[in-house]
2 protein chains.
Amino acid sequence: MKTPSRAFKDAVYEQFARIGKAVSSPKRLELLDLLCQSEKTVESLAHEAGLTLANTSQHLQVLRSARLVDSEREGLYVTYRLSDPMVCEFFRSMRVLAENRLAELEMIKRRFLNGREGMEPVDRESLLQRVIEGHVTLLDVRPEGEYRAGHIPGALSVPLRRLKEILADLPPEQEIVAYCRGPYCVLSVFAVEMLRKEGFNAVRLEEGVQDFRAMGLPIDSEKEAR
Amino acid sequence: MKTPSRAFKDAVYEQFARIGKAVSSPKRLELLDLLCQSEKTVESLAHEAGLTLANTSQHLQVLRSARLVDSEREGLYVTYRLSDPMVCEFFRSMRVLAENRLAELEMIKRRFLNGREGMEPVDRESLLQRVIEGHVTLLDVRPEGEYRAGHIPGALSVPLRRLKEILADLPPEQEIVAYCRGPYCVLSVFAVEMLRKEGFNAVRLEEGVQDFRAMGLPIDSEKEAR
DNA sequence: TTATTATTCAACAAATCAATTGAATAATAA
DNA sequence: TTATTATTCAATTGATTTGTTGAATAATAA
């Protein structure tokens, strides 16, 4: 026999758990992280997360039933996006909690980066100023759509696959800073690797757009009429 | 065949999912919410959450393996506590996200409170001032240990079960504000119900200590030597 | 119309999880 | 020492979840 207040509490925590269940699967978290960068189609999400289409679709529906994402059909494609910027903040707070509490994360990161480019700390405070003054070239190596949805002011959009083509246009003696989706995205790692091989003085900025936004720094974006 | 960067990403999101899995069960969320108020023994957690001891113990071990809580043996009892105040902040951000995204929560709350005491909004800004000036009596109706761990300045500790005994000591003509663990805790609901039945002018403050802290308001606590 | 492409649905096997029960362990009291 | 109490462990059941297949649906193109 349940008292009314027990039934009330059970109902309340069951609602909270809807959010928890939605973020309890590694693949759904990866999808959510991708959607924090910009809206995307099922196909591109499936490709980026290394999932089959059917599986991606199912995970997205779980996220949608927890109201974390919305979807909209646009011609042949269905586009998914976060239902609220608050979802991105929540994901970030989960990431930060994991970084603080789970020492394994730091080890996983170190093991992957070992032998690859080092992690010279980039001075974020002065970065924007140095970009403005032309002392630094800042490259956003994410796909173009993510750059359009929001990027660090002064950054050039150079998706990783096009980096090779524009190498000749980069100032040979200037410091180059590359960034991507955040500390666990490998795009900027590969970009810096390639740039160094070509003789450039390149470093990686660990933070992504969401981190800059969370730090209260300005973000440029090209809002679409919708 | 997995590429190294796919293996890296899988490992990273698997770590994030450890947090997600820990907060994907309603009962674990209830335990976490209780631990946000103060440290507690397994027994008291089991009692408050309406669980068997064995079941409580297992849930607590899941929370511990995600490093969200720590435990310590103190004589006959094992005490559990949050491993970091950041865990409380994370739980709160999850709660706020659920409140904003899941309309069901508001409905559940309304259904429970319907017929019970209304929800006159309490002016939080001026509450502390009015308490100091003696215009309002503020009652903390949670168990004493939770009051000791942190309470709103000026509040009196009157655990619900002792409210009846001290009714005679309350100023009969003054407004009485009761609070407990937060919007989904029923202790203050019952307190206000009883006070009104006895003729007092009583209202419920929805916010709990964690909400006050998150709003940057001061919290009094009696730190134990440890 | 038919063909094509993107997405979703349905059904399944393997894995994981929640809650229950009863036994095992650890600290204290008699 | 034995008894008591609080907690954890182990084994079980039923329910849920993941990822895989292949079929079904929806929008567009030919």
Side-chain angles (χ1 to χ4, degrees), chain A residues 1-2 6 9-11 13-14 16-32 34-35 39-66 68-81 145, chain B residues 1-2 6-7 9-10 13-14 16-32 34-35 39-66 68-81 145:
Chain A
M1 156 64 195
K2 259 188 200 177
R6 172 68 6 232
K9 285 184 201 168
D10 286 349
Y13 288 105
E14 191 186 317
F16 294 169
R18 287 173 66 185
I19 310 276
K21 283 188 185 123
V23 296
S24 69
S25 139
K27 287 300 184 181
R28 276 200 293 274
L29 285 164
E30 185 164 0
L31 294 172
L32 215 47
L34 287 165
L35 289 171
E39 58 177 47
K40 288 180 184 298
T41 64
V42 179
E43 187 185 43
S44 90
L45 286 166
H47 179 252
E48 296 254 29
L51 288 172
T52 62
L53 270 171
N55 204 356
T56 306
S57 173
Q58 278 178 203
H59 279 308
L60 288 168
Q61 281 168 68
V62 174
L63 290 173
R64 188 174 48 196
S65 78
L68 299 182
V69 306
D70 285 330
S71 68
E72 187 190 358
R73 182 138 216 153
E74 289 177 351
L76 208 48
Y77 294 88
V78 173
T79 299
Y80 278 80
R81 63 180 65 89
Chain B
M1 153 68 197
K2 259 188 200 177
R6 173 63 14 226
K9 284 184 203 169
D10 286 348
Y13 289 106
E14 192 187 315
F16 294 168
R18 286 172 66 186
I19 309 277
K21 284 189 184 121
V23 296
S24 68
S25 138
K27 286 300 186 181
R28 278 200 292 274
L29 285 164
E30 184 165 359
L31 294 173
L32 215 48
L34 287 165
L35 289 172
E39 59 177 46
K40 288 180 184 298
T41 63
V42 180
E43 188 185 41
S44 92
L45 286 166
H47 179 252
E48 296 255 26
L51 288 171
T52 63
L53 271 171
N55 204 355
T56 306
S57 173
Q58 279 179 205
H59 279 307
L60 288 169
Q61 280 168 68
V62 174
L63 290 173
R64 189 173 48 194
S65 77
L68 299 183
V69 306
D70 285 330
S71 67
E72 188 190 358
R73 182 136 214 156
E74 290 177 350
L76 208 49
Y77 293 88
V78 173
T79 299
Y80 278 81
R81 63 179 66 90

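Residue numbering restarts at 1 for every chain, and letters A, B, ... go by the order of the sequence lines. Computed from heavy atoms alone, side chains included, the values below leave out hydrogens, waters and symmetry copies.
- The side chain to side chain donor-acceptor pair (under 3.5 Å) check on Lys27(B) picks up Asp10(A), with sequence neighbours excluded.
- The interatomic distance linking Glu30(B) (CD) with dA19(C) (P) rounds to 11 Å, in whole Å.
- Note: CG (Leu29(B)) to C1' (dA18(C)) measures 14 Å, nearest angstrom.
- Every residue meeting the side chain to side chain contact (heavy atoms under 4.5 Å, CB included) condition with Asp70(B), not counting sequence neighbours, appears here in chain and number order: Ser83(B).
- Atom CG in Asp10(A) sits roughly 13 Å away from atom C1' in dA19(C) (whole-Å rounding).
- Side-chain atoms of Arg28(B) never come within 3.5 Å of backbone atoms of Ala17(A) as a donor-acceptor pair (strictly under, hydrogens ignored).
- Residue Tyr80(B) has a polar side-chain atom (N or O) positioned under 4.0 Å from OP1 or OP2 of dT8(D).
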Which protein N or O atoms sit under 3.5 Å from an N or O of nucleotides 12-15 of chain C?
none

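- As a whole-Å value, the separation of Leu45(B) CG from dT7(D) C1' is 13 Å.
- Atom OH of Tyr77(A) and atom P of dT4(C) are 16 Å apart (whole Å).
- Val78(B) meets the side chain to side chain contact (heavy atoms under 4.5 Å, CB included) test with Val42(B), Ser71(B), Arg73(B), Tyr80(B); sequence neighbours excluded.
- For Ser24(B), the side chain to side chain donor-acceptor pair (under 3.5 Å) criterion is met by no residue, not counting sequence neighbours.
- Checked against side chain to side chain donor-acceptor pair (under 3.5 Å), Glu43(B) has no partners two or more places apart in sequence or in another chain.
- In this structure, Glu14(B) has no side chain to side chain donor-acceptor pair (under 3.5 Å) partners at least two apart in sequence or on a different chain.
- Within 4.0 Å of Thr41(B), counting heavy atoms only, lie sugar-phosphate atoms of the nucleic acid but no base atom.
- For Ala46(A), the side chain to side chain contact (heavy atoms under 4.5 Å, CB included) partners at least two apart in sequence or on another chain are Leu53(A), Thr56(A).
- Taking the nucleotide of DNA chain D with the nearest heavy atom to each of Leu51(A) and Val42(B), the more 5' of the two is matched to Val42(B).
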Original post:
When Watson-Crick pairs (N1 to N3 and N6-O4 or O6-N4) and G-U wobble pairs (N1-O2 and O6-N3) count only below 3.5 Å on both distances, what is the dot-bracket string of DNA chain D, with | for other-strand pairs?
Top reply: ||||||||||||||||||||||||||||||
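- When rounded to the nearest whole Å, the span between CG of Leu53(A) and P of dG22(D) equals 15 Å.
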Original post:
Going 5' to 3' along nucleotides 23-30 of chain D, which nucleotides have protein heavy atoms under 4.0 Å from the base (write B), which only from the sugar-phosphate (write S), and which from neither (write -)?
Top reply: ----BS--
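- Residues Val23(B) and Ile19(A) have side chains not in contact (no heavy-atom distance under 4.5 Å, counting atoms from C-beta outward).
- Panel note: side chain Arg18(A), backbone Ala66(A); no donor-acceptor pair is recorded below 3.5 Å.
- Remark: Ser44(B) engages Lys40(B), Thr41(B) in a side chain to side chain contact (heavy atoms under 4.5 Å, CB included) (not counting sequence neighbours).
- With respect to Glu30(B) and Arg6(A), a salt bridge is recorded, a charged nitrogen being found less than 4.0 Å from a carboxylate O.
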Subject >> CA sep, side-chain torsions, deciding dist, call: Leu68(B), Leu35(B), side chain to side chain contact (heavy atoms under 4.5 Å, CB included) >> reply: CA-CA 10 Å; Leu68(B) 299 183; Leu35(B) 289 172; over 6 Å; no
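- Near-neighbour residues of DNA chain D inside residues 54-66 of chain B, defined by a heavy atom below 4.0 Å, number-ordered: Ala54(B), Ser57(B), Gln58(B), Gln61(B).
- With rounding to whole Å, Glu43(A) atom CD is found 12 Å from dT8(C) atom P.
- Side-chain contact of Ser65(A) with Gln61(A): a donor-acceptor pair under 3.5 Å is absent, judged by distance alone.
- Between Tyr13(B) atom OH and dT18(D) atom C1' there is a gap of 19 Å when expressed in whole angstrom units.
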